[in-house]
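Sequential numbering from 1 along the given sequence is applied to the chain's residues. Just so you know, ligand 1 is whichever comes first in the structure, and atom 1 is the first atom listed for that ligand.
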Amino acid sequence: MSNVENTLSIIKPDAVERNLDSQIKEMFIKNGFDIIKEKKIQIDKIEAEKFYKVHETKPFYNDLCTYLSSGPIVVMVLEKENAILANRELMGSTNPKDAKEGTIRKKFGLSIDKNSVHGSDSLENAKIEIDFFFKS
Ligand code: ADP
Ligand code: MG
C-alpha cells in the first residue's frame with residue numbers, strides 16, 4: 001500500500017549564505033522527492049522562537065533562534081513515499097560529524113548548530129510545521 005507523505009524541509013541560513021540551495025534541492029529531487037511548495041524568506045526571532053518552541057528548555061534554544069532568524073532560508077514542502085523518514089535519512093545525523101556519507105549534513109553541514117537543513121521528525125510535527133509556513 002502506498003503511503004505518500006508531505007514533510008517540511010528548511011535550507012538553513014548557513015547553506016543559503018553559501019549558495020548551496022540548488023545543490024541541496026537537486027539532492028532531494030535525485031532521491032525521489034517532489035518539491036511541491038517552496039519559498040525563500042527571512043523570519044524574525046519571535047517567529048523562530050515559535051517554530052522551535054519544542055526546544056525552549058534546551059540550553060541552545062536562544063542561539064538556535066538567533067541563528068535561524070539570522071539570514072534568508074528556503075522552506076519547502078517535500079512529497080514522497082514515507083517522506084518524513086526518508087528526509088531524515090537523507091539529511092543525516094544532527095551533528096554533521098556523525099552523519100553518514102551521502103547525506104546532506106555530511107556533505108554540507110558545518111557544525112551541530114550550523115547543520116544546513118531542518119526536517120520534520122513526525123507526521124504530527126510535519127503537519128504543524130507545514131501549516132506554520134504555508135497556511136493561507
Ligand atoms: P534535528 O534538526 O536533527 O531534528 P534537534 O531537533 O535535536 O535536531 O535540534 C534542532 C536544531 O537545534 C538542530 O538541527 C541544530 O541546529 C540545533 N542543535 C541541536 N542540538 C544542539 C546542540 N547540542 N548544540 C547546539 N545546537 C544544537
Ligand atoms: Mg528536530
Side-chain angles (χ1 to χ4, degrees):
M1 230 172 64
S2 91
N3 182 44
V4 174
E5 294 173 342
N6 288 351
T7 190
L8 186 89
S9 170
I10 303 177
I11 303 177
K12 293 182 174 181
D14 69 272
V16 175
E17 188 179 81
R18 287 176 288 151
N19 291 312
L20 296 172
D21 35 323
S22 340
Q23 284 179 74
I24 292 174
K25 282 192 270 177
E26 200 134 296
M27 284 179 81
F28 289 128
I29 290 159
K30 271 199 184 126
N31 282 274
F33 292 89
D34 290 325
I35 300 171
I36 62 171
K37 288 182 187 173
E38 179 187 343
K39 60 182 177 184
K40 190 174 188 177
I41 54 170
Q42 182 163 1
I43 60 172
D44 63 25
K45 188 153 180 208
I46 307 287
E47 290 172 300
E49 285 169 355
K50 205 173 149 200
F51 180 74
Y52 272 134
K53 194 156 174 56
V54 291
H55 294 303
E56 69 183 332
T57 60
K58 309 269 172 67
F60 56 81
Y61 179 64
N62 185 59
D63 287 349
L64 175 62
C65 297
T66 300
Y67 164 63
L68 193 70
S69 56
S70 68
I73 57 176
V74 176
V75 290
M76 293 162 290
V77 177
L78 304 180
E79 186 169 273
K80 183 183 152 86
E81 184 82 11
N82 301 316
I84 295 155
L85 186 61
N87 181 39
R88 296 292 306 189
E89 283 175 1
L90 180 58
M91 285 164 56
S93 300
T94 306
N95 190 342
K97 283 187 186 141
D98 302 327
K100 286 188 198 144
E101 213 55 59
T103 64
I104 297 171
R105 284 169 165 171
K106 172 75 180 180
K107 203 162 178 201
F108 299 120
L110 299 172
S111 56
I112 191 162
D113 49 333
K114 295 184 174 168
N115 57 11
S116 304
V117 278
H118 166 86
S120 309
D121 63 4
S122 66
L123 191 58
E124 189 192 358
N125 285 336
K127 287 187 176 132
I128 293 168
E129 292 178 355
I130 289 168
D131 271 2
F132 184 90
F133 284 109
F134 291 102
K135 198 162 187 159
S136 42

If the plane angle is over 60° it's perpendicular, under 30° parallel, otherwise tilted; pick one for Phe60 and His55. tilted
Is there a heavy atom of Leu64 sitting under 4.0 angstrom from any atom of ligand 1? yes
Answer yes or no: does atom NZ of Lys25 have more than 12 heavy-atom neighbours from other residues, nucleotides or ligands under 6.0 Å? yes
Is Lys12 in polar range of ligand 1, meaning some N or O pair under 3.5 Å apart? yes
Please name the pair of heavy atoms, one in His118 and one in Met91, separated by the smallest distance, quoted to 0.1 Å. C-CE, 3.7 Å
Should Phe51 and Tyr61 be regarded as members of a common hydrophobic cluster, given that ILVMFWY residues are connected when their side-chain heavy atoms come within less than 4.5 Å of each other, either directly or indirectly? yes
Atom 10 (C) of ligand 1: which protein heavy atom is closest, and how many Å away? His55 NE2, 3.5 Å
In the protein, what heavy atom is nearest to atom 15 (C) of ligand 1, and what distance, to one decimal place, separates them? Ile112 O, 3.2 Å
Heteroatom proximity flag, Tyr52 to ligand 1, N/O under 3.5 Å: no
Atoms of ligand 1 under 4.0 Å from any heavy atom of Asn115, numbered from 1 in the order shown, are 13 (C), 14 (O), 15 (C), 16 (O)
Glu56 and Lys53 ion-paired at < 4.0 Å: yes
Which of the atoms of ligand 1 are close to Arg88, meaning less than 4.0 Å from one of its heavy atoms? 1 (P), 3 (O), 4 (O)
Nearest option to atom 3 (O) of ligand 1, as decided by whichever heavy atom of Thr94, Asp113, Asp121, Asn125 sits closest: Thr94
Run the contact test for His118 against ligand 1 with a 4.0 Å cut-off on heavy atoms, strictly below, and give the result. no
NZ on Lys106 to CG on Leu90, rounded to 0.5 Å: 15.0 Å
Is ligand 1 less than 4.0 angstrom away from at least one heavy atom of Met91? no
Nearest-contact summary for atom 18 (N) of ligand 1 - protein heavy atom, Å: Phe60 CE1, 3.6 Å
Does any N or O in the side chain of Asn125 come within less than 3.5 Å of the main-chain N or O of Ser120, such that one atom is a donor and the other an acceptor? no
Closest non-hydrogen protein atom to atom 2 (O) of ligand 1, residue and atom name please, with distance? Arg105 NH2, 3.0 Å
Return the minimal non-hydrogen interatomic distance between Ser116 and Asp14, and the atom names on each side. OG-OD2, 2.9 Å
